[in-house]
Protein chains: 2
Amino acid sequence: MSKIHFDRLAASAIKDTPRRRAIISFFEKSTGAKDPETVWEHLKTKFRRCGLPGVYRNLEQMVNAGILVRVQREGRKRYYGLCPGCGHMHHHHIVCVKCGKIGEMPECTLFKGRTLGGFKIVDHFIQLSGICPECGK
Amino acid sequence: MSKIHFDRLAASAIKDTPRRRAIISFFEKSTGAKDPETVWEHLKTKFRRCGLPGVYRNLEQMVNAGILVRVQREGRKRYYGLCPGCGHMHHHHIVCVKCGKIGEMPECTLFKGRTLGGFKIVDHFIQLSGICPECGK
DNA sequence: AAATAAACAGAAATAATTTCTATTTAGGAG
DNA sequence: CTCCTAAATAGAAATTATTTCTGTTTATTT
């Protein structure tokens with residue numbers, strides 16, 4: 001199993017804590033994006049004392065650190081998963097509509113510096129939904 | 001003022017009600033995307049009895065009818081605005097980060113039938129953020 | 001070892017959204 | 001025109017994801 005996400009954690013501005021390692025391990029051992037509560041349910045089995053607000057905070061911090069990504073799925077919850085890419089360059093993700101597995105679209109320069117109908121494009125967000133190789137079998 | 005959205009309402013599967021006309025008028029008279037509560041605040045000045053759940057329902061129904069679009073902005077609220085396009089073909093929107101004005105990207109065939117990293121693309125969502133002509137002056 | 005900062009728990013609050021039930025309204029059939 | 005049916009709606013209440021707050025623990029630095 002690749003330890004790339006542990007490495008990223010170690011290299012990041014946030015601390016390398018057992019809690020954060022457990023979050024990474026949980027994502028590595030399971031498949032697909034998870035909502036904060038699901039992550040919490042797992043952490044509670046690993047740590048005697050464990051709060052949901054801490055999970056929310058860690059997930060967001062780990063997104064900022066380039067370890068996780070937040071993706072859009074059906075419903076109004078937020079979902080997170082391991083960022084499969086290099087963690088720093090601009091890119092977008094594709095989420096399997098069945099299992100929530102996350103892939104990525106590297107090197108997106110589609111809209112950089114462009115203008116559309118008089119609007120100067122300053123940012124863009126692309127979320128692809130698809131069927132991952134396993135679910136497509 | 002173009003009555004295109006009234007026409008769309010009349011042509012849609014949902015009824016042409018004073019409430020829905022008022023929603024369209026409100027969007028036509030103001031600039032940019034609005035959250036449900038803002039729409040409600042306005043409707044309360046027009047109708048003596050007026051409930052927020054009804055506003056939520058109408059906004060969603062009018063999105064399904066191709067009259068409105070739901071767009072992403074900062075924060076965790078949902079935002080709606082008039083769909084500037086033809087209302088039926090697949091397209092995406094650009095939202096001014098300052099005023100919330102909505103433009104559109106027509107004819108998006110970027111991802112149709114494609115595969116990305118083994119994922120078969122089944123849907124895509126693109127949200128552009130920009131500066132509209134007025135705000136850019 | 002003391003000082004400092006970050007991480008965290010747990011409770012409580014917030015706020016957006018949804019559900020539910022009953023009422024009103026509009027349109028079509030007779 | 002009046003009854004009938006379906007859609008639209010209000011208003012209250014519930015739900016639920018998320019955030020805030022305060023105090024405690026843990027880790028790192030000096």
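Below, each value reflects all heavy atoms present in this structure, side chains not excepted, and no hydrogens, waters or symmetry copies. The sequence lines fix the lettering, A, B, ..., with proteins before strands; numbering per chain opens at 1.
Cation-pi geometry between A/Arg21 and A/Phe6 is met: under 6.0 angstrom from the ring centre, within 45 degrees of the axis. A cation-pi arrangement is absent between B/Arg70 and B/Tyr79, since the terminal nitrogen or guanidinium carbon is not both under 6.0 Å from the aromatic centre and inside a 45° cone about the axis.
Backbone-only engagement by A/Asn58 is indicated by non-hydrogen atom pairs under 4.0 Å involving sugar-phosphate atoms exclusively. Contact annotation for A/Arg57: base contact, defined as any heavy-atom pair under 4.0 Å involving a base atom.
Spacing between atom CG of A/Leu59 and atom C1' of C/dA7 amounts to 14 Å, rounded to whole angstrom units. For A/Ile14 and C/dA6, the CD1 to C1' distance is 11 Å, given to the nearest whole Å. Between the P atom of C/dA26 and the CZ atom of B/Arg21 lies a distance of 13 Å, rounded to the nearest Å. At whole-Å resolution of the value, CE in A/Met62 and P in C/dA7 are 12 Å apart. Taking atom CZ of residue A/Arg76 and atom C1' of nucleotide C/dA16, one finds them 7 Å apart after rounding to whole Å. Whole-Å rounding puts the B/Tyr79 OH to C/dA15 C1' distance at 13 Å. Going from atom CD of B/Glu60 over to atom C1' of C/dT17 covers 11 Å, rounded to whole Å. Here the P atom of nucleotide C/dA16 and the CD atom of B/Glu37 are 6 Å apart, to the nearest Å.
A residue-by-residue look at B/Lys15 and A/Arg20 shows that A/Arg20 has its nearest nucleotide of DNA chain C further toward the 5' end. When the nearest nucleotides of DNA chain C are assigned to B/Asp16 and B/Lys77 by heavy-atom distance, the more 5′-ward of the two goes with B/Lys77.
Separating the CD atom in A/Glu41 from the CG atom in A/Leu52 is a distance of 9.0 Å, to the nearest 0.5 Å. To the nearest 0.5 Å, atoms CZ (B/Phe111) and NE2 (B/His124) are separated by 6.0 Å.
Considering only heavy atoms from C-beta on, B/Thr115 stays 4.5 Å or farther from B/Ile121 through its side chain.
You can see that DNA chain D meets the heavy atoms of chain B within a 4.0 Å-exclusive cut from D/dA7 to D/dT19, reading 5' to 3'.
Contact between the side-chain N/O atoms of A/Thr17 and the OP1/OP2 oxygens of C/dC8 is found at a separation under 4.0 Å. Contact check, A/Arg49 against C/dG10: a side-chain N or O comes under 4.0 Å of OP1 or OP2.
Looking at A/Arg78 and A/Gln72, their side chains never bring a donor and an acceptor atom within 3.5 Å of each other.
Taking A/Lys98 as the reference, nothing meets the salt bridge (charged side-chain N to carboxylate O under 4.0 Å, His left out) condition, with sequence neighbours excluded.
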